[in-house]
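The structure under discussion appears below in the form of structure tokens.
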Amino acid sequence: MFSPSDHKHMARALALAARGLFTTTPNPRVGCVLVREGSVVGEGWHERAGEAHAEVHALRRAGALARGATAYVSLEPCNHQGRTAPCVDALLAAGVRRVVAAMEDPNPQVAGSGLARLRAAGVEVQCGLLADEARELNVGFVARMQRGRPWLRLKTAASLDGRTALANGTSQWITGPAARRDAHRWRARSCAVMTGIGTLLHDDSRLTVREIPTARQPLRILVDRNLELPLDARILEGGNVLVFTAREQPRKARELAERGAEVMVLGDACGKVDLPAMLQELGRRELNEILVESGNRLNGALVRAGVVDELIVYLAPQLLGDRARGMFDLGELTALEQRIELDVR
């Protein structure tokens, strides 16, 4: 169905899409390659929401050479008016002969309609080339469109015996510089970084990207059921902070608002933050990927709530012993049937 040349050009479109890894939120990462008579005549990728899409960038570079060309796009071209005009219109106006898409757009406003319109206009259309790679690149966008909540990654660093900190809470540093740089890459691609109040009170974390260059800092999210966040905490530096709490505390909320933090009350029947409802709220706010960097209590609560999609575990070649803290507070399991099975990839 697809030739070696098709595979090569789609792989290039995906590589271009990855250039927007840190910047496109809340939009998907998309790349486009235009090929005419075996030669690449235009390339482009989506860089930021509100700016031109990948297809438009590629068409501008190709100019008149786009007529009769094949467009390789890592995501189905859009067919609706958003912040920019529909990419289907641009492809048709340019006279593109064939469109190969890696996958359909999961956005209900598109969902196959872009490809259908191209076919109706006489354009040869194929879809499904390197679909798994395209989906992985936009796993958060796909998750939000299909289920209404972001993709939640939980990052933890542990000793070989699965311990994340000493009994007194000391954890810096279990891993080394390479692991920390890699963790900052995960921060940079995420729409938000989340932690719990226990971890923040102990570490006074900033949750910013510092180890690698980035033009955008993620939203910082704190789960703080009793609103214990100190007004001089480093997380408040520069604003862009969202705090979820379980009960109303108007005075403290106003004080935090003056320091650039938004407080949202979202309690459950047990007086804790309602974690599934929190994830739905983050989906409504158009957040695609969330990175959790917290201690075993919030880690365990998120796992028990069934909202963790992916674990990133850094294991250090050291032992901390049974009295050190574990990765997840899951309560006592009394039967092996209660264990949580993982898919290791």
Side-chain angles (χ1 to χ4, degrees), residues 21-22 132-133 135-144 146-147 149-165 169 171-200 202-203 205 207 209 211-212 218-223 244 273 275-276 278-280 282-283 287-320 324-333 336-345:
L21 193 66
F22 301 161
D132 289 343
E133 292 84 348
R135 189 171 293 104
E136 178 62 27
L137 187 62
N138 285 306
V139 64
F141 179 77
V142 173
R144 178 166 66 86
Q146 291 183 341
R147 68 188 187 192
R149 62 178 174 87
W151 185 264
L152 191 80
R153 290 188 182 93
L154 195 157
K155 188 235 22 160
T156 186
S159 61
L160 196 58
D161 53 347
R163 303 297 166 173
T164 62
S171 61
Q172 296 181 339
W173 296 100
I174 290 176
T175 56
R180 290 196 290 276
R181 279 194 300 272
D182 189 61
H184 276 254
R185 284 190 59 81
W186 287 108
R187 282 187 185 184
R189 73 170 283 171
S190 301
C191 302
V193 181
M194 178 187 297
T195 195
I197 186 61
T199 298
L200 186 126
H202 189 275
D203 297 339
S205 310
L207 299 185
V209 180
E211 295 284 337
I212 64 168
L219 173 70
R220 293 170 289 177
I221 299 174
L222 178 66
V223 180
F244 286 96
V273 173
L275 298 178
M278 177 183 71
L279 267 293
Q280 291 295 321
L282 296 179
L287 301 182
N288 295 331
E289 298 179 19
I290 310 295
L291 179 68
V292 177
E293 298 186 18
S294 192
N296 63 348
R297 293 183 65 183
L298 180 57
N299 288 353
L302 289 166
V303 169
R304 291 195 306 274
V307 295
V308 176
D309 298 298
E310 182 178 346
L311 298 178
I312 301 172
V313 181
Y314 301 94
L315 284 180
Q318 53 192 255
L319 303 173
L320 297 183
R325 299 182 184 181
M327 290 189 263
F328 306 97
D329 181 358
L330 299 176
E332 182 183 2
L333 305 185
L336 285 177
E337 289 74 20
Q338 297 173 305
R339 64 191 172 191
I340 297 172
E341 299 281 356
L342 303 177
D343 180 11
V344 179
R345 297 181 182 180

d(Leu152 CG, Met194 CE) to nearest 0.5 Å is 6.0 Å
Please list, chain by chain and in numerical order, all residues satisfying salt bridge (charged side-chain N to carboxylate O under 4.0 Å, His left out) with Arg187, sequence neighbours excluded. Glu293
If you define the side chain from C-beta out and look only at heavy atoms, does anything of Leu275 sit under 4.5 Å from Leu302? yes
Value for OH (Tyr314) from CG (Asp182), rounded to nearest 0.5 Å, stands at 3.5 Å
Partner set under side-chain contact (heavy atoms from CB on, under 4.5 Å) for Ser205, not counting sequence neighbours: Asp203, Leu207
Report the C-alpha separation of Met327 and Leu311 in whole Å, then their side-chain angles, then the decisive distance to 0.1 Å, and conclude whether the side chain to side chain contact (heavy atoms under 4.5 Å, CB included) test is met. CA-CA 11 Å; Met327 290 189 263; Leu311 298 178; over 6 Å; no
From OG1 (Thr195) to CG (Leu222), nearest 0.5 Å: 7.0 Å
Going by heavy atoms in the side chains, are Met278 and Val307 under 4.5 Å from each other? no
Residue set satisfying side chain to side chain donor-acceptor pair (under 3.5 Å) with Thr175, at least two apart, ordered chain then number -> none
Nearest atoms (heavy-atom pairs only) where Gly326 meets Asn296: O-CB, 3.2 Å
What I'd like to find out is whether the side chain of Cys191 reaches to under 4.5 Å of the side chain of Leu219, using heavy atoms alone. no
So which heavy atom on Ile212 is nearest to which on Ala188, and how close? CD1-CB, 3.7 Å
The criterion is side chain to side chain donor-acceptor pair (under 3.5 Å); which residues satisfy it with Asn288, sequence neighbours excluded? Arg144
Under the salt bridge (charged side-chain N to carboxylate O under 4.0 Å, His left out) test, which residues partner Arg147, sequence neighbours left out? Asp309
Test side-chain contact (heavy atoms from CB on, under 4.5 Å) applied to Leu21 - qualifying residues, sequence neighbours left out: Arg29, Leu137, Arg185, Arg189
Take atom CZ of Arg304 as the centre, draw a 6.0 Å sphere, and report whether it contains more than 12 heavy atoms from other residues, nucleotides or ligands. yes
Residues which pass side-chain contact (heavy atoms from CB on, under 4.5 Å) with Ile340, listed by chain and number, not counting sequence neighbours: Val303, Leu330, Leu342
Salt bridge (charged side-chain N to carboxylate O under 4.0 Å, His left out) filter on Arg153, not counting sequence neighbours, yields Glu289, Glu310
Apply side chain to side chain donor-acceptor pair (under 3.5 Å) to Asp329 and list each qualifying residue two or more places apart in sequence or on a separate chain. none
The reported gap from CZ in Phe22 to OG in Ser190 (rounded to nearest 0.5 angstrom) is 9.5 Å
By side-chain contact (heavy atoms from CB on, under 4.5 Å) - contacts of Pro150 (at least two apart): Leu279, Leu282, Leu287, Ile290
Say you draw a straight line from CZ of Arg325 to CG of Leu320; how long is it, rounded to the nearest 0.5 Å? 12.0 Å
Out of curiosity, Phe328 CZ to Thr164 OG1, how far, rounded to the nearest 0.5 Å? 9.5 Å
Can you sort out the partners of Arg163 under side chain to side chain donor-acceptor pair (under 3.5 Å), two or more places apart, ordered by chain and number? none
If the condition is salt bridge (charged side-chain N to carboxylate O under 4.0 Å, His left out), which residues does Glu211 pass it with, not counting sequence neighbours? none
For Asn299 against Ser294, the heavy-atom pair lying closest together: ND2-O, 3.5 Å
